[in-house]
Amino acid sequence: MLLDVQMPDVDGFEIAKLIRSRRQSAHTPIIFVTAHYGADVDVRRGYSLGAVDYIFAPVIPEILRAKASVFVELALMRQKLEVANKDLESFTYSVSHDLRAPLRAIDGYARMLEEDHAGKLDDEGRRLLKTVLDSSSKMRQLIDDLLAFSRFNRKAVRSTDLDMSELAR
């Protein structure tokens, strides 16, 4: 979307706020176009409202078309990535649930073997049984991690201020 910063009744910044406030247009690429060579404050304000670029007049049509096509392509790629992520999330959720039932059976039978027949097993048998129980515990943790991953995109992203100097230290 191309927005003129200085329009007659409402400025482009207000329109950008409206665009960003609506779910269906929140990620629409916005390029601000202006003939006003204002302070850097206006440019920063445009970018803070989610602009992908800021162009000053006189506009060179070829450059504007090239920039617009790049941002449209990026927006389309973003949409495809969102679809792929949703598919991956659904697949991960389904697989992790499907893995739980056989794992419960393996773990359950191994525990019954341990409780009812551990005394009849030699050292190697007890070692092998312990390996099965330890491995089923690790697998349960992996499945829980997969489920947590599948729910990751459902959580709202929270922004926070970071001290980058401290983080680098």
| request: Treat each ILVMFWY residue as a node, draw an edge where side-chain heavy atoms are under 4.5 Å apart, and state whether Val70 and Val52 are in one component. | output: yes

| request: Give a yes or no on whether the backbone of Leu133 and the side-chain of Ser136 come within a donor-acceptor separation of less than 3.5 Å. | output: yes

| said: Lys130 vs Asp134, test: salt bridge (charged side-chain N to carboxylate O under 4.0 Å, His left out). Steps then yes/no. | reply: CA-CA 6 Å; Lys130 182 177 180 338; Asp134 289 347; 2.7 Å; yes

| If we ignore angles and hydrogens, is there a donor and acceptor under 3.5 Å between the side chains of Asp145 and Gln141? | yes

| field | Check against salt bridge (charged side-chain N to carboxylate O under 4.0 Å, His left out), Lys120 and Glu115 | value | CA-CA 11 Å; Lys120 298 175 188 170; Glu115 291 171 10; over 6 Å; no

| message | So which atom in Thr34 and which in Asp4 form the shortest heavy-atom distance, rounded to 0.1 Å? | response | CA-OD1, 4.2 Å

| message | Any side-chain to backbone donor/acceptor pair from Ser69 onto Ala66? Under 3.5 Å, distance only. | response | yes

| said: For Ser90, is there any backbone N or O sitting under 3.5 Å from a side-chain donor or acceptor partner on Ser94? | reply: no

| request: Let me see the working for Met77 and Lys80 under side-chain contact (heavy atoms from CB on, under 4.5 Å), right down to the final yes or no. | output: CA-CA 5 Å; Met77 290 169 64; Lys80 287 179 185 178; 5.6 Å; no

| Min side-chain heavy-atom separation Leu167-Asp163 under 4.5 Å | no

| note | Interatomic distance, CG@Leu103 vs CG@Leu142, rounded to 0.5 Å, equals 10.0 Å

| request: List the steps, then state whether salt bridge (charged side-chain N to carboxylate O under 4.0 Å, His left out) holds for Asp144 with Arg100. | output: CA-CA 9 Å; Asp144 289 344; Arg100 282 184 181 250; 2.6 Å; yes

| request: Please name the pair of heavy atoms, one in Leu146 and one in Ser96, separated by the smallest distance, quoted to 0.1 Å. | output: CB-CB, 4.0 Å

| field | Euclidean distance, Arg104 CZ relative to Ile143 CD1, rounded to 0.5 Å | value | 9.0 Å

| query | So how far is it from Gln79 CD to Leu81 CG, rounded to the nearest 0.5 Å? | reply | 11.0 Å

| Shared ILVMFWY cluster between Phe56 and Phe13, side chains joined below 4.5 angstrom? | yes

| Are Ile15 and Val5 connected in a single hydrophobic cluster, I mean Ile/Leu/Val/Met/Phe/Trp/Tyr linked by side-chain heavy atoms less than 4.5 Å apart? | yes

| Cluster check Phe71, Ile55: I/L/V/M/F/W/Y, side chain < 4.5 angstrom | yes

| task | Output the distance between atom CZ (Arg20) and atom OG (Ser48), rounded to the nearest 0.5 Å. | result | 11.0 Å

| request: Go through the steps for Glu89 and Lys86 under the test salt bridge (charged side-chain N to carboxylate O under 4.0 Å, His left out), then give the verdict. | output: CA-CA 5 Å; Glu89 178 183 325; Lys86 285 181 183 176; over 6 Å; no

| task | Measure the spacing between CG of Leu49 and CD1 of Ile30 and express it to the nearest 0.5 Å. | result | 7.5 Å

| query | Do other residues, nucleotides or ligands put more than 12 heavy atoms under 6.0 Å from the CE atom of Met164? | reply | no

| Heavy atoms of other groups near Arg23 CZ, more than 12 under 6.0 Å | no

| request: Check whether any side-chain heavy atom of Arg45 lies under 4.5 Å from a side-chain heavy atom of Asp11, and answer yes or no. | output: yes

| said: What verdict does the ring-ring contact (aromatic ring centres under 6.0 Å, His included) test give for Tyr47 and Phe32, after you've listed the backbone C-alpha separation in whole Å, the side-chain angles of each residue and the deciding distance to 0.1 Å? | reply: CA-CA 9 Å; Tyr47 284 121; Phe32 281 112; 8.4 Å; no

| said: I need the Met139 CE to Asp107 CG distance, nearest 0.5 Å. | reply: 12.0 Å

| message | How about CD on Glu73, more than 12 heavy atoms from neighbouring residues, nucleotides or ligands closer than 6.0 Å, or not? | response | no

| message | Please determine whether residues Met1 and Val33 belong to a single hydrophobic cluster, defined as Ile, Leu, Val, Met, Phe, Trp and Tyr linked transitively by side-chain heavy-atom distances below 4.5 Å. | response | no

| message | Would you say that Phe149 contacts Leu88 through its side chain, given a criterion of any heavy-atom pair below 4.5 Å between the two side chains? | response | yes

| query | So, the side chain of Thr28 versus the backbone of Ser25: is there a donor-acceptor pair under 3.5 Å, distance only? | reply | yes

| task | Under the side-chain contact (heavy atoms from CB on, under 4.5 Å) rule, what do Asp9 and Glu14 come out as? Steps first, then yes or no, please. | result | CA-CA 10 Å; Asp9 295 327; Glu14 292 301 317; over 6 Å; no

